[in-house]
Amino acid sequence: MNRLFAVACLSAALLFAQPSASQQKLDEAYTAKIREYTTEKHFLTELVDHLPADPKVPTPEKILGYPAGTPFKLTHASNVHKYFRALAASTPRVQVFNIGSSEEGREMIVAVVSDEANLAKLNRHKDLMAQLADPRKTPPAQAAQIMKEVVPMYWLTGSLHSTETGSPEMLMELAYRLAVEDTEFIQTIRKNMIVMITPVADVDGRERMVDLYNWKRAHEKQAAPSLIYWGKYVAHDNNRDGMALSLALTRNVWKTFFDFHPLVLHDLHESVPFLYVSTGMGPYNAWYDPILISEWQKLSYHEVEEMTKRGVPGVWTHGFYDGWAANYMFLAANGHNAIGRFYETFGNGGADTRKRTVPGASTTRTWFRPNPPLPEVNWSIRNNVNMQQSGCLLALNYTARHKQEFLDNFYKKSQRSIAKATTEGPAAYVIPGDTKRPYLAADLLKLMDLQGVEYHTLNAEAEVTLKNGKRKFPAGSYVIRMDQPYSRMADMLLDLQYYSVNDTRPYDDTGWSLGYLRNIETVRVTDTAILNAGMTKLAAAPVIPTTINGAASPKAYIVAHTADNGLATFRYALKNVKMLAAEDAFEAGGQKFQAGAVIIPAENASRSAIDAAAKNLGLKITAVDAMPSVAKHDLAAARIALVHTWTSTQNEGWVRLALDAAKVPYDYISDHKIRDTSDLRAKYDVILWGPINGSSQRIVNGIPKRAGEPAIPWKASELTPSFGTGPDQTDDIRGGMGLEGVLNLRRFVEAGGLFMTIQGNASIPIDYGIVEGVSIQPTRELQASGSVLSSYVSDKLSPIVYGYDEKIPLYFKNAPVLQVSVTGGAPQAQGGPVPRVTGRGGINDPDVVQARPPAAEAPRPAPVRPGEDPPISDEMREAMRAYLPPDNMMPRTVVRWSPDSELLISGMLAGGRELAHKAAIVDVPVGQGHVVMFANNPMWRHETQGSWSLVFNAAMNFSSLNAGRKAKVSLNGSGAPSVIAHEQ
Ligand SMILES: [Zn+2]
C-alpha cells in the first residue's frame, strides 16, 4: 500500500460514521414487531432493527394498521400512495408528485425525501442537475460550481415486477426512517442526497397481485391462478421496454428521469437468495462508458462488504444476468450517463413465512459469493424487507459521502458522450431523406424524442465517405449526431450487435438494431464531414402528410404500398369502403406501382373522405383517369380475433400493443371462445394466435380440468376488484380449447378463414393435422437467441409480402425451424443430393462398370438449394398420388431465411445452416382458407415495426392469399422452380 493510498483510506475511515446507538426515542411496539417477524438475527442489521418514534410523523403502522414486512400483509399501491401522502403531509422532509398514469388509469408517484432545506430548493437542484447533464451549455468551471452547490438525487424504484412483493412495503418504512431518524448515518444521507422513491412501478400489476394474494388466503385449500395479467399489455416484460418505451410506466419513468436527472436509478427485484447486488457477468453492453462499469462494481462491492461485515449471509454480486441487452428499465439511467442498478432479494411471492430450500448452485462458495446463502432457511417477508432496506441505506450513505466523485463522473460521462462523434465515433447516423418508409422513419424519430436524443435535417445535399465509397444524402435527410449528451443511447439502438456464442449464455435478446427491425435504412457514418453539413435541428418528429396527386376527377385512387404501417391504419379507417389490391406491378397515371398497390374506385369514396382518413399517415396516393387493368382482388378490413390462453398472456400482449398502435381493430378472445364457438367463420375472417411457449399438447389442453375440483376463477370479485379492469376475465381458467377447439379452428379455416400462428404455436396446426406438408425440425446446433436475422422473399407475388423489398430483417429466437415437405417421410424428401459413388474417374465423371456393355448413366438427382428438399421424381409423384395435394393447395413458402453466410444481421448466431433457406413464413391452403405460420415474431416488444405489415397484409388479403400463385409449383413449398437444370 503506498503512502498516498493509506492517507486516502484513513480519511475515508474518518468520514465513515458507523451509526451510533441512537438517543432518539424508539417506537417500541414497531421495533418489537420487526424483531419478531425476522426469522434469524443474522437477517437483521443495526440499520433496520428498530424504528424511531416521532410524535408528528406517522409510521406505516399508524396509517395501514401494521408495520412493513408483517406476515400475511401486502399493501395495495393505492394504500402505499396513501401512506406516502400522509408522510408528506406530516413533514417538510417528504414531498410526493404524481408522475403519470398507467394504461388503466392508476396513478404513479415519486416521493422525494431529504432535509427540509434541500427540498425547499428542489427545483433549483433539479435545474442544476439538468445543467450538469448537458456540458455543451455548461463549461467545466460552471460545472465545478454546480457540483459544490447541488444536492443530487438517488432514485429507488419498487415493484416493477408484481410477483416480487416486498419492495413497496420496504420503501414505506425506508421513507419514514430517512425522514425522522437522527443517527449520523441517516443525517449524512438526508443532508447530502435527495432520495427519490417510486414505491410501485407497475401499479396495475401490484393491485392485482395483492388482490390475488388476498384471494389465495381466503381459499387456501383451492388451486389458485397465477398472476395472469400484470399491466394491461405485458407481465415480466415490463422490464424489457427500455428501448422502445411503449408502455405507460416506462414513459413515466423516462419523463421523470429527465425531470430530475438522478445520479442513480436503483430497481428492486426478487428472485435469487438472499441479496444479489447487480454487476452482471458480462458481456456488458458495448456502448456504455467504461466509467459506468466501474461505478457498478464500486457500489456493489461496498454493499456486499458492509453487509458481510455485519454477519449477514448470502449477499453477493456478479454471477447473475449478463448486462448486455439495452431493454431494462434502468436504461433510463444507464443510457443517459447516470447509473442504473438493481437488487434481487429472496422473495416468497407473497407475504407468507416459508421454509425454503435454496438451489444448490446458489449455496456454493465462489469468488463472487464468498459468503453464500444458507442451503435451508425459514424465510419471511420481513427478512426480505431487512435485506433490501439495509442494502439501500448503505448505497445511499455511500453515494452521499462520495457525491462529488459521482457528480464528477456524471459530468465526465456526459462530456465524453458529446466527444464521441470525433473520438470513438461514429459521427452520426443518417436516415436518407428519400427513405421508402417515411412514416416508419418518423416513428423512429419519435422514439428518439422519448429517449432525449436530438436530430436534425440536412438543409442541402451532403456527401460523405463510407466504408464502401462515397454517398450523397439528399436535403431533408435526418441526421442523428453523436456529439450530444445522449449519443450513446442512440448509438446502442441503431448500431449492429455481435454476441459471441462463446460468451455467457445470454440473459435476454442479443440483437435489436432498430433500423433493421423497423425496416428503415439507418446509415452509420464515421466520416466527420457530416457534422459540418448544413442542418437544422428539429424540435419534434416530423408529421408525414399523405399526398394525393393526379387527375382532378379520377376513376380511381391508387395508394402505393411500401410496407409502411400507415396503410393498414388507413384501410381500417375506411373499413366500409371497398378497396382492391393489385396482384402485380403495373403502370398508371404515368407512375409505376408495385404489387399490392391499393386501388380505390372513385365511386367508392370521395377525395375528401380519403384525404381525412389518410391524413398524416405518410401515404402516396395517385388519382388516375382510368381503372388500371391489372388483376386485382378485394382488400378487406378483415374481422380479426386475437387469441390468448389462460396459461400465459405475456407474449400476446406485444401483439395487442402493435395492433392498438396501428389502430387495427380486433376482438380479444380466449381459447375457451374457440372451444365454445362452432361457427367461428360467422364472426371472424382472421384468427391470430398470440405467441406462447410450450408444447401443442399444453396449449390445446390448457390447465387440466379435473372432475370434482373447484373452478379457478380470474374474475372481478369483492376480493379481486382489480381483475375487472384488466383485458379479460373468466369464471374458470381451466381447460384449453381442447379437441373441440381444434375442430372449430379447422372448420373455420376450411370455410375460408385465415389462421395465423407466431413462432412455436405453429405446433398447433402442425401437430393436430390441420395442415400437411409442414413440420418443425429439431435442431442440434442452432443458437439464435433473440437475434435480427436476414430473410429473403421467395415468392414475391404472395400478398403477404406486398410492399416489401427483396430482403426483410426479422426477429428470431431459436425456434421453430419450419420444414416444408409434402412428401413427409418419403426417403427422397429427406436426403440431400446423392454424391457420386466410389469408382473410376474424377468427381464429375461417370463410373464405369467393368466387363459389362456401357450403359447410360443413371440420372443424378438435381442439385437443390441448401435447406430445401430435393424435388421428388415423377415415379415418386405417381406412387404418392393419393397423398399429394393439387398444385394450388401446396404449401407456399413466402419468405425464407437467408443463406448461412448472410443470415446474421445482429445478435448471436451459431449453427445457422440449420435455418438457412428454411421457411420463415409459410402459407398453407386448407379447404377454402389458409394457415399462415410465422417462424419469426413479427410483433415483438414494439421493436419490430418493420414486420408488422406482414401480418396486416395477410389479414387484409385473407380471402385472396392464392393471388400470384405459380400455376405449377414445386413440392417443396417454393413458388420458384425447384428443379434446377441438371448440370452435367
Ligand atoms: Zn424482477
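Since this is a predicted model, take the numbers as computed values, not measurements. Just so you know, ligand 1 is whichever comes first in the structure, and atom 1 is the first atom listed for that ligand.
Between V80 and P168, the closest heavy-atom pair is CG2-CB, 4.1 Å.
Taking the six-membered ring where tryptophan is involved, the planes of Y398 and H302 are tilted, since the angle between them lies from 30° to 60°.
Take a cut-off of 2.8 Å around the Zn ion (ligand 1): the protein N, O or S atoms inside it are H161 ND1, E164 OE1, E164 OE2, H269 ND1.
Among W287, W254, F258, the single residue meeting the ring pair (Phe, Tyr, Trp, His ring centres under 6.0 Å) criterion with Y486 is F258.
The side-chain hydrogen bond (donor to acceptor under 3.5 Å, both in side chains) search around T250 returns D241, not counting sequence neighbours.
A distance below 6.0 Å separates the ring centres of Y343 and H266.
Ionic pairing of R85 and E107 is present here: one or more N-O contacts between side-chain nitrogen and carboxylate oxygen are shorter than 4.0 angstrom.
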